[in-house]
Amino acid sequence: MTDATIAISILWVFLFVYSLLGSVDFGAGFWSMIYGRRSEDGRAAELANRYLSPSWKVTNTFLVLFVVALVGFFPGATLGLASVLLVPVCLVLVLLTLRSAFLVYGYSVHRYGRTISIISGVTGLLIPGLLVSVLPVTLGGFIMETPDGGLMLDFGKLLASPTLYAHLAFGYATELFFSALFLADYSREARDIATYRIYRRWAVIFGPFSLLTALAVTLTVQPEAAWIVAGFREQRVGFTLSAAAFVIGYACLFVPRQDGWKGHSRAAVVLVILQYAFASYAYGRAHLPYIIYPQLTIEASITNPAIFRSLLISYIVSALLLVPVFYLFWKLFLKDRRYFENKPE
């Protein structure tokens, strides 16, 4: 493997983990907003908030790791990416700052709980939408070259393109599906069958939409992006495995259990994660060697070998330190029923 391939693989891992955590994080904020004022379903909002309370900090950690790795490993792409993605990235940063600030104060100033819930829910939809909008930009057809050789995004063409809205629909369907599925399993862990039924129902509804919108993305790509469609055909094995994992995982939601609960949510979560892993790997392979087609490639943007080795060692050491911390986080906040029920030891 070349240095560029190893570096882009590290970025893929960070992006994949962030997409999973972000889907649940932003989705939990949305569900908390939806159920926050419905007294009959108040436990659904409470459980979403219990997940959200510690998890948003961990989610942002992987976003920081991704950005630092991108700038460190691919400095040659930084200027081009900054020029093209200036507006969506700045909006994401503003919304993340707003959301984080209100989440911090939300657990000390309870009188503004509803306002904070609305901000968390609205930004939980806006931020993923802005992040997903980056994908069609990288496929080509929306980038203009300036007279001085720089790059500029053609916003008019992007906003008029059906592929942008197909990507947005896919992002939202995936976020709401996976967050509902995860919160259903979280409810099962808390032994809360009423909340489990609420989130399981939403997972059943949004599951097929996530698959249909993924198909819509491939059918609406710009003519300039025919190269990525050809790449999809070459990676058909990965996409087939992804579809198979989804079908099996979705079917797990309907299998009855001996304890009376309908559906094996834990198996469904694991299989859907495998679905996303297969699909994102196949998509990434189809996208190589371009970061933005056709202007930026990984080989042309990679840093020099000395800095690459230093960064690689630093990330290996960081992983050795962070993995035990994340495992402890999982044990404390995702497995301990005393936390679900807010009970002292």
Between Phe239 and Phe278, does the ring centroid distance fall short of 6.0 Å?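 Ring centroids of Phe239 and Phe278 are no less than 6.0 Å from each other.
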ring-ring contact (aromatic ring centres under 6.0 Å, His included) with His287: which of Trp12, Trp227, Phe232, Tyr293? Trp227
Start with the C-alpha distance between Arg200 and Asp185, add both sets of side-chain angles, then the distance that settles salt bridge (Lys or Arg N to Asp or Glu O under 4.0 Å), and finish with yes or no. CA-CA 8 Å; Arg200 177 192 168 276; Asp185 188 59; over 6 Å; no
Pairs meeting criterion ring pair (Phe, Tyr, Trp, His ring centres under 6.0 Å) with involvement of residues 145-173, two or more places apart: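 Listed once each, the pairs would be none.
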Counting N and O atoms only, with roles assigned by atom type, does the side chain of [X] sit under 3.5 Å from a partner on the main chain of [Y], one being a donor and the other an acceptor?
X: Ser161; Y: Leu158; value: no
X: Ser314; Y: Leu311; value: yes
X: Thr213; Y: Ala216; value: no
X: Ser32; Y: Ala28; value: no
X: Ser179; Y: Leu176; value: yes
X: Gln275; Y: Ala245; value: no
X: Ser242; Y: Gly238; value: no

Quick one: pull up [atom1] in [X] and [atom2] in [Y] and give me the separation to the nearest 0.5 Å.
X: Phe14; Y: Tyr18; atom1: CZ; atom2: OH; value: 14.0 Å
X: Asp154; Y: Met144; atom1: CG; atom2: CE; value: 4.5 Å
X: Leu96; Y: Leu63; atom1: CG; atom2: CG; value: 6.5 Å
X: Ile292; Y: Leu85; atom1: CD1; atom2: CG; value: 5.5 Å

Side chains of Ser100 and Thr97: any donor to acceptor distance under 3.5 Å?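 Ser100 and Thr97 do not have a side-chain donor-acceptor pair below 3.5 Å.
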Using 30° and 60° as the class boundaries, would you call the ring planes of Tyr199 and Trp31 parallel, tilted or perpendicular?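 Perpendicular, since the angle between the ring planes exceeds 60°.
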Parallel under 30°, tilted from 30 to 60°, perpendicular over 60°: which one fits the rings of Tyr276 and Phe178? perpendicular
Taking the side chain as C-beta and beyond, is there a heavy-atom pair between [X] and [Y] under 4.5 Å?
X: Arg99; Y: Ser120; value: yes
X: Ile273; Y: Phe16; value: yes
X: Ile8; Y: Leu11; value: yes
X: Ser265; Y: Phe182; value: no
X: Thr303; Y: Phe74; value: no
X: Glu175; Y: Leu125; value: yes

Evaluate the criterion side chain to side chain contact (heavy atoms under 4.5 Å, CB included) for residue pair Thr195 and Arg188; output intermediate values, then yes/no. CA-CA 8 Å; Thr195 302; Arg188 186 196 63 81; over 6 Å; no
Could you check Phe66 against Val13 for side chain to side chain contact (heavy atoms under 4.5 Å, CB included), going step by step and ending with a plain yes or no? CA-CA 9 Å; Phe66 174 78; Val13 170; over 6 Å; no
One pair to check against side chain to side chain contact (heavy atoms under 4.5 Å, CB included): Thr163 and Phe142. What are the steps and the verdict? CA-CA 11 Å; Thr163 192; Phe142 304 108; 3.9 Å; yes
Are Val87 and Val137 connected into the same hydrophobic cluster when the rule is that any two of I, L, V, M, F, W, Y join if their side-chain heavy atoms are below 4.5 Å apart?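 They do share one cluster, since a chain of ILVMFWY contacts under 4.5 Å joins Val137 to Val87.
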Trace of the ring-ring contact (aromatic ring centres under 6.0 Å, His included) decision for Phe308 with Phe73: CA-CA 6 Å; Phe308 169 79; Phe73 283 124; 5.7 Å; yes
For the CG atom on Leu79, are there more than 12 heavy atoms of other groups (residues, nucleotides or ligands in this structure) within a distance under 6.0 Å? no
Checking Leu70 against Leu81 for the side chain to side chain contact (heavy atoms under 4.5 Å, CB included) test, could you report, in this order, the C-alpha distance in whole Å, the side-chain angles of both residues, the deciding distance, and whether it holds? CA-CA 10 Å; Leu70 176 62; Leu81 288 171; 3.9 Å; yes
Against Cys252, only a single residue in Val270, Leu181, Leu271 fulfils side chain to side chain contact (heavy atoms under 4.5 Å, CB included); can you say which?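 Among Val270, Leu181, Leu271, the one that satisfies the side chain to side chain contact (heavy atoms under 4.5 Å, CB included) with Cys252 is Leu271.
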